[in-house]
Every structure is written in structure tokens, then in C-alpha cells.
J.: 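Have a look at the structure that comes next, please.
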2 protein chains.
Amino acid sequence: MVRTTRQRTAVAAIFDDLEGFHSAQEVHARLRAAGDSVGLSTVYRAVQALAEDGELDSIRTDAGEALYRRCSTRHHHHLVCRSCGRTVEVAGPAVERWADRTAEEHGFADVSHTLEIFGTCAECRAAGATVGPDGIVP
Amino acid sequence: MVRTTRQRTAVAAIFDDLEGFHSAQEVHARLRAAGDSVGLSTVYRAVQALAEDGELDSIRTDAGEALYRRCSTRHHHHLVCRSCGRTVEVAGPAVERWADRTAEEHGFADVSHTLEIFGTCAECRAAGATVGPDGIVP
DNA sequence: CCCGCATATGAGAACCGTTGTCGAACGAGG
DNA sequence: CCTCGTTCGACAACGGTTCTCATATGCGGG
């Protein structure tokens, strides 16, 4: 049986006030900062439980860190600046349809997908960030 | 300057004999088993270098482990079975164009993207893998 | 309203993939 | 060959995540 505890409620509440993706560690820090301290293990358990219940969406960074966010009803993706990290939410219904259709054509069901777009934003280019051909910032 | 050493050659060679995605640790174990021992750090460095040179493709599992495989020259994405890990390469020129155009509309340059599609393949469904709404296999 | 007990918590350790360190080995151009 | 900068590799360190286990606490039944 699943219990509704102070801690679980607190973790869920954090995501109500937050846009975008956040790590378990960040949630833990925010709770601690708010004086509503919750153990780190508990935060991990809570975000995992929420993700399993479909209340949170999760992605993994290149560094292998898991990030979560409130699952918005509208599905969208992220356009991320490699240099300053600024994020723009973009929606692409065509991409969704393409992904679902492609998967079904190969006999796959329960289809989901992850899509992230990376680039250098106008401001960072203007600021003279020299970027190599591989997008590596020296 | 980049040197061609026994170790780098050995790592690259491993991927010639292998289909699909494999972890650095697995490569290390295979080399060791073949008697052609290479240090673990070296394997990590080698796969990273190969990935940067575009010779290997990399993805990250849900568990945060990095997997690599020989990359075909054509840009493509992966359709991965959540249950058995089988991968299918899929190409979607429309998606590429959409991603580039969307990024440019927001003033981003040097655009790249990552896209992975997950689902349950026909065989795994037939094998009776009961899959929850979130794709969690019990 | 209270009990019993299964479930949840939390501090810390363990875990595991990955990355850093540094002296030794080695490849390539001279 | 020789020299020198690159690479190797054993090992330690790191960071995110998961496990452990004693303790605390919802919650349904009495």
C-alpha cells in the first residue's frame, strides 16, 4: 500500500513551483533550504515513485544524471544552449507523429522518445564564444 | 598528434566484430578474455576518442551507463526495445530538418541533436512480457 | 479512539561507472 | 638511434544512486 507522507507531499510540491528539469539532489537541496528537510534517500525514492506513477517525466544528462520535471500535459522538447545552458521549450507535433509511426512500423509498442536539440544561442555567439566544429567550447 | 597504438587498434577492432551497443567495461572484459589486455582507463579514453572522431556512436542506458557501437557514416537515430535492448537504426530526414530549422528560428547556431525512441518490440510482447503503462517491466 | 504492523524514513555506507593522477613506456619525427 | 611529447595503466578519487537497518509513522481494523 502506498502512503501519503509529509516527505512525499513535499517532493511533489517542489515540482509545482518549478519549470523544467531538476535533479533529485537539487530537490533535496531546495527542501533543505526551505527548512522542510527530507533525507536524500527519501527524495530519490519519491521522485522514482512519482516517475513510475507518470507524475514526473525523466531524462538523463550526458553526465548520467537523472533529471525530473512535472509532466506537463503538453509534450515538448528542449533546445539547449551549449554555452550558457539557456533552455527553450519547443513543440513539434510532426516529430511526435514521426516517432510513433516509425516505431510502429518496426513492430514496437508503448512508444516513448527523448529528443534534445543543442546549439549556441545568439547571445553567446555575439559574446564571442569561439566554438569548434564539434561544438566544443575551449 | 594522435598516435596509433596497440591498445587503440585493439579497441577499434573489437567493434568490427560486434553488432549493437557495448559498454566500455564489456570491451575491456573482451580484450582481457582475448589475452590482449588493455587498461580500463585506456579503454575509456579510447572509446571516448573514437566517439569524438565520429567512429563510434554513443547512447546512455536508463541506468546511466554509456554504450558505444560502430557508427555508420549516415546520420541516424535509434529505436530501442525497453525489454530486450534490441536496436533498430532509423533515419528521419524530416526530423533533422525540423530540428535545424527550429533551432535557427530561436537564433541558435552549430545545431546538433539527440533522439532516441523507446518501445517494446513485437517479440518481447509476444513473449508475454507484461509491461505497465510506463514501460516498466516487473 | 487506539493498536498493530506493514510501510516509509534517514543517516551513513556501499556500489558502480567513470574520471583523474602520475611515473613509466612507447611512437614518430629528426 | 634519440629525444620528447603522447599514451599507458594501476590505482585512487569522485559523484550520483542505491542499499541497509534501526526507528518512526500512516492507516485500516477492532
J.: For Asp62(B) and dT17(D), give me the distance from atom CG to atom C1', rounded to whole Å.
T.: 14 Å

J.: Between the main-chain N or O of Asp62(A) and the side-chain N or O of Arg60(B), is there a donor-acceptor pair closer than 3.5 Å?
T.: yes

J.: Nearest 0.5 Å, please: how far is CG in Asp57(B) from CZ in Arg70(B)?
T.: 11.0 Å

J.: Describe, as an angle rounded to 10 degrees, how the axis at the first end of the helix from dC1(C)-dG30(D) to dG30(C)-dC1(D) is tilted relative to the axis at the last end, five pairs per end.
T.: 40°

J.: Output side-chain donor-acceptor pairs under 3.5 Å for residues 31-39 of chain B, partner residues at least two apart or in another chain, one line each.
T.:
| residue | atom | partner | partner atom | Å |
| --- | --- | --- | --- | --- |
| Arg32(B) | NH2 | Ser37(B) | OG | 3.4 |
| Asp36(B) | OD1 | Arg6(B) | NH1 | 2.6 |

J.: Nearest whole angstrom, please: distance from the P of dG16(D) to the NE2 of His22(A).
T.: 16 Å

J.: Should Leu67(B) and Leu56(B) be regarded as members of a common hydrophobic cluster, given that ILVMFWY residues are connected when their side-chain heavy atoms come within less than 4.5 Å of each other, either directly or indirectly?
T.: no

J.: What does the B/S/- profile of nucleotides 18-27 of chain D look like, 5' to 3', with a 4.0 Å heavy-atom cutoff to protein?
T.: BBB----BBS

J.: Students should find this one: the first and last nucleotides of DNA chain C, 5' to 3', lying under 4.0 Å from a heavy atom of chain B. What are they?
T.: dG17(C) to dA28(C)

J.: Which is more 5' along DNA chain C, the nucleotide nearest Leu67(B) or the one nearest Arg8(A)? Just name the residue.
T.: Arg8(A)

J.: Students often get this wrong, so: under 4.0 angstrom with heavy atoms, is Ala63(B) touching a base, only sugar-phosphate, or nothing?
T.: nothing

J.: Show the numbers, then the answer: is there a salt bridge (charged side-chain N to carboxylate O under 4.0 Å, His left out) between Glu96(B) and Arg101(B)?
T.: CA-CA 9 Å; Glu96(B) 319 296 323; Arg101(B) 186 160 37 77; over 6 Å; no

J.: With a cut-off of 6.0 Å (strictly less than), are more than 12 heavy atoms of other residues, nucleotides or ligands near CG of Asp53(B)?
T.: yes

J.: On the 0 to 90° scale, with breaks at 30° and 60°, tag the Phe21(B)-His78(B) ring pair as parallel, tilted or perpendicular.
T.: perpendicular

J.: Identify each donor-acceptor pair in which a side-chain atom of residues 43-50 of chain A lies under 3.5 Å from a protein atom, sequence neighbours left out, and give them as a table.
T.:
| residue | atom | partner | partner atom | Å |
| --- | --- | --- | --- | --- |
| Tyr44(A) | OH | Gln25(A) | NE2 | 3.0 |
| Gln48(A) | NE2 | Tyr44(A) | O | 3.1 |

J.: Under 6.0 Å between the ring centres of His22(A) and His28(A)?
T.: no

J.: In whole Å, I'd like the distance from the CD atom of Glu26(A) to the P atom of dG15(D).
T.: 17 Å

J.: Going only through I, L, V, M, F, W and Y residues with side-chain contacts under 4.5 Å, is there a path from Leu40(B) to Val27(B)?
T.: no

J.: Linking Ile, Leu, Val, Met, Phe, Trp and Tyr by side-chain heavy atoms under 4.5 Å, what else ends up with Val90(A)?
T.: Leu79(A), Val88(A), Val95(A), Trp98(A), Phe108(A), Val111(A), Leu115(A), Ile117(A), Leu79(B), Val88(B), Val90(B), Val95(B), Trp98(B), Phe108(B), Val111(B), Leu115(B), Ile117(B)

